[in-house]
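Labels below follow one simple rule: chain letters A, B, ... track the order of the sequence lines, proteins then strands, and each chain is numbered from 1. Keep in mind that this is a model prediction, so the values were computed, not measured.
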Amino acid sequence: MKAHLTELLSIAAKSLNTDSISADSLPLDIQLERPKNADHGDFSSNLAMMLAKPLRQNPRAIAESLIKALPASEYISRIEIAGAGFINFHLSPKAQQAVVHEIQQQGERFGHHQTGGGRKLQIEFVSANPTGPLHVGHGRGAAVGDCLARLMKANGWDVTREFYYNDAGAQIDNLSKSVQARCKGISPEDTAFPENGYRGEYIVDIAKAYLAKETVIADDMKFTATGNPDDEESIRHFAVAYLRHEQDLDLQAFQIQFDVFSLESALYTNGQVESTVQALIASGHTYEQDEALWLRTTEFGDDKDRVMRKKEGGYTYFVPDVAYHVGKWQRGFVRVINEQGADHHSTITRVRAGLQALDIGIPKVWPEYVLHQMVTVMRGGEEVKISKRAGSYVTLRDLIEEVGCDATRYFLAARRADSQLVFDIDLARAQTNDNPVYYIQYAHARICSVLNQWNGDVKALATADLSPLQAEHETALLKRLSEFPEVVYHAGEELAPHMIANYLKDLASDLHSYYNAEQFLVADEALKLARMALIQATQQVLKNGLQLLGVSAPEKM
RNA sequence: CUGCCCGUAGCUCAAUCGGAUAGAGCACCAGCCUUCUAAGCUGGGGGUUACAGGUUCGAUUCCUGUCGGGCAGGCCA
């Protein structure tokens, strides 16, 4: 419909007669938008205002000429000029109703696009180091990342979900030292406990399991503890595997699955780190100074150069990061989106600088980043900071157990990633109208209930005559349904899954209002069928939208 | 000190590459269940979009500055 109107406007604009400028040279950037105010029609264009300056004419006068030149269309019932020169299109009832059959035909694919054209896109998210249970911040990353993955898939991308973790380095040393201390009965209160050791209760669990010579399985690895408190190598492997398994359980509870797990250590063992370093040296963007090897990141927008190889040997953390991304590029990902906490924003410039220095055809804004801000958890009007198990933070599992998977996912994904989020536990667990998750799910369940009571043949609705659908609430609902594909497209372009959540709230609201205003199961057979078709289409869109969020669409509540 | 993100109703948040009278929910007030699920609906009050400039037909949106909150700034990850 939008394309149709754009075409009409384009034809009209080309026929404009101007003395000064030829119509061909006009900036024909035709914009059509959905007016907020229903009185302003179904679509609105600012074309006349855009042309006002080059044509040196009053926008309203231009609008008038445009409308005169507009070819007739059966989909348009009325066109008017409003405000400073907006051209407002009111669709004919037939055009408005068409969306219902469109939804019926496309089913679960309604709203999907082929923008990605099947090209490969990777989303890396969560990527927590195996040093403890996942916390709320990881939860936000998990919810946003997973929704993004679903969204991009709906927009036609071939999506790979990937989890990267650091299984070497200082934090892991710290972890194994903490576990070792616990194995020896040293607690955080003792002076012998590692200074910056992990103090949570879960470290005790790991120590116990280690001493019991347990076997843990996570990702591709399977490891059996030796049980020897002095075997640091064994402790490290065991602790990493143990915590990866823990995090797998967290993710499972959150209903999130990854396609690929990548280990930092693998980048060393398979030589990718070394070959990347050699390539960077060969590129001429490195230099030696103070016994260290530096990368001239300032040539690529950084505010200072960065050390690659430390004076005492060993690479700094960003080197394997660059090597990892070279690998992503080699794997053929046209786009890579890294979803991470905003506290990692300083790595963006460095990783991109490293990739640019290699000069292997990687675009300047590759990879892309979606950074989410902090999450604050509230209960009873007070901030919650402590979990019993983790000690210093609220775990994702606590949250899921307390408020449920659906509500947790919804609340963590329903807000713009770049603003700080307050997670109100009381609200999320409320089984009342306060809770937007239930509000949306309830709309779906209500429709299911009505369709059940109607007990007719749902397939027969595909040919239902929709012309009786002209009541105010019906028009509003039809309009909202027709917006869904645009919302999916736009949310994908903006990498903003929260738009889906907002849309669903609005759609649910339209349905509930309609439900209260009109009886669906009426005696008039034609009207009843039309209404069944409309609510069945609404049910489908609610389902499609909830699917994008990874939230269930219950048939009963 | 420097960089990035944010600042919208009492609270939590929206606002479609700059659009028309800035919208929801909660809370508050007044109504609606002998009728398809009241986990719902209808109406009401509540705003100088932190502040000051600028850009233009038009700014919550873009630019500059100030104030406030968060996060980074290591040869730590």
Query raised in the report: OP1 or OP2 of B/A22 sitting under 4.0 Å from any side-chain N/O of A/Lys36?
Result: no
Query raised in the report: Does A/Tyr439 have a side-chain nitrogen or oxygen under 4.0 Å from the phosphate oxygens OP1 or OP2 of B/C41?
Result: yes
Requested in this report: Looking only at side-chain atoms of A/Met374, point me to the closest of B/A38, B/G70, B/A77.
Outcome: B/G70
Query raised in the report: Is there a side-chain polar atom (N or O) of A/Lys528 under 4.0 Å from OP1 or OP2 of B/C36?
Result: no
Query - Nucleotide B/C71, atom P - distance to CD of A/Gln373 in whole Å - result: 9 Å
**Report entry** Opposite nucleotide pairing with B/C41, Watson-Crick or G-U, both atom distances under 3.5 Å
**Finding:** B/G31
Report summary line: Judged by nearest nucleotide, the residue sitting upstream toward the 5' end of RNA chain B, A/Arg34 or A/Glu518, is A/Arg34
Report task. Determine whether more than 12 heavy atoms belonging to other residues, nucleotides or ligands lie under 6.0 Å from atom CD of A/Glu382. Result -> no
Query raised in the report: Given atom CZ of A/Arg480 and atom P of B/U16, what is their separation to the nearest angstrom?
Result: 14 Å
Query raised in the report: Starting at CG of A/Leu32 and ending at P of B/U16, how long is that distance when rounded to a whole Å?
Result: 16 Å
Query raised in the report: So, is A/Arg60 close to the B/C57 phosphate, meaning a side-chain N or O under 4.0 Å from OP1 or OP2?
Result: no
Report task. Quote, to the nearest angstrom, the P distance that separates B/C51 from B/C67. Result -> 16 Å
Report summary line: Checking N1-N3 plus N6-O4 or O6-N4 for Watson-Crick, or N1-O2 and O6-N3 for wobble, each under 3.5 Å, the partner of B/G23 is B/C13
Query - Electrostatic pair A/Glu80-A/Arg78, nearest N-O below 4.0 angstrom - result: yes
**Report entry** Nearest to side-chain heavy atoms of A/Glu312, which nucleotide of B/C36, B/A38, B/C75
**Finding:** B/C75
Requested in this report: Just call it for A/Ala491: base, sugar-phosphate, or nothing, with non-hydrogen atoms closer than 4.0 Å on any strand.
Outcome: nothing
Query raised in the report: Does the separation of the ring centres of A/Phe43 and A/His90 fall below 6.0 angstrom?
Result: no
Query raised in the report: Would one find a side-chain N or O of A/Ser419 under 4.0 angstrom from OP1 or OP2 of B/G7?
Result: no
Query raised in the report: Given atom CG of A/Leu421 and atom C1' of B/C71, what is their separation to the nearest angstrom?
Result: 16 Å
Query - Salt-bridge criterion met for A/Arg350 and A/Asp321 (N-O under 4.0 Å) - result: no
Report summary line: Rounded to whole Å, CG of A/Asp424 lies from P of B/A27 at a distance of 12 Å
Requested in this report: May I ask you to verify whether the side chain of A/Asp303 and the base of B/G3 hold a donor-acceptor pair under 3.5 Å?
Outcome: no
**Report entry** Salt-bridge present (A/Arg415, A/Asp418; N to O < 4.0 Å)
**Finding:** no
**Report entry** Short side-chain N/O contact from A/Lys310 to OP1 or OP2 of B/C76, under 4.0 Å
**Finding:** yes
Requested in this report: To the nearest Å, give me how far apart CZ (A/Arg416) and C1' (B/G70) are.
Outcome: 15 Å
Requested in this report: Grab the CZ-P distance between A/Phe86 and B/G19 for me, whole Å please.
Outcome: 9 Å
Query raised in the report: Has the side chain of A/Asn88 got a donor or acceptor atom sitting under 3.5 Å from an opposite partner on the base of B/A20?
Result: yes
Query raised in the report: Paired with B/G3 by Watson-Crick or G-U wobble geometry, both distances under 3.5 Å: which nucleotide is it?
Result: B/C71
Query raised in the report: For A/Leu371, which contact category applies under a 4.0 Å heavy-atom criterion: base, sugar-phosphate, or nothing?
Result: nothing
**Report entry** Note, A/Gln340 side chain near A/Leu371 side chain (heavy atom, < 4.5 Å)
**Finding:** yes
Query raised in the report: For A/His344 and B/G70, what is the distance between atoms NE2 and P respectively, to the nearest whole Å?
Result: 20 Å
Query raised in the report: Looking for any heavy atom pair under 4.0 Å, which part of the strands does A/Ala82 touch: base, sugar-phosphate only, or nothing?
Result: base
Query raised in the report: Hey, is B/C29 sitting syn or anti, using the within-90° cutoff around 0?
Result: anti
Query raised in the report: Looking at A/His498, does any N or O in its side chain come under 4.0 Å of the phosphate oxygens OP1/OP2 on B/U12?
Result: no
Query raised in the report: Is it true that A/Lys328 and A/Glu162 have a side-chain N and a carboxylate O under 4.0 angstrom from each other?
Result: no
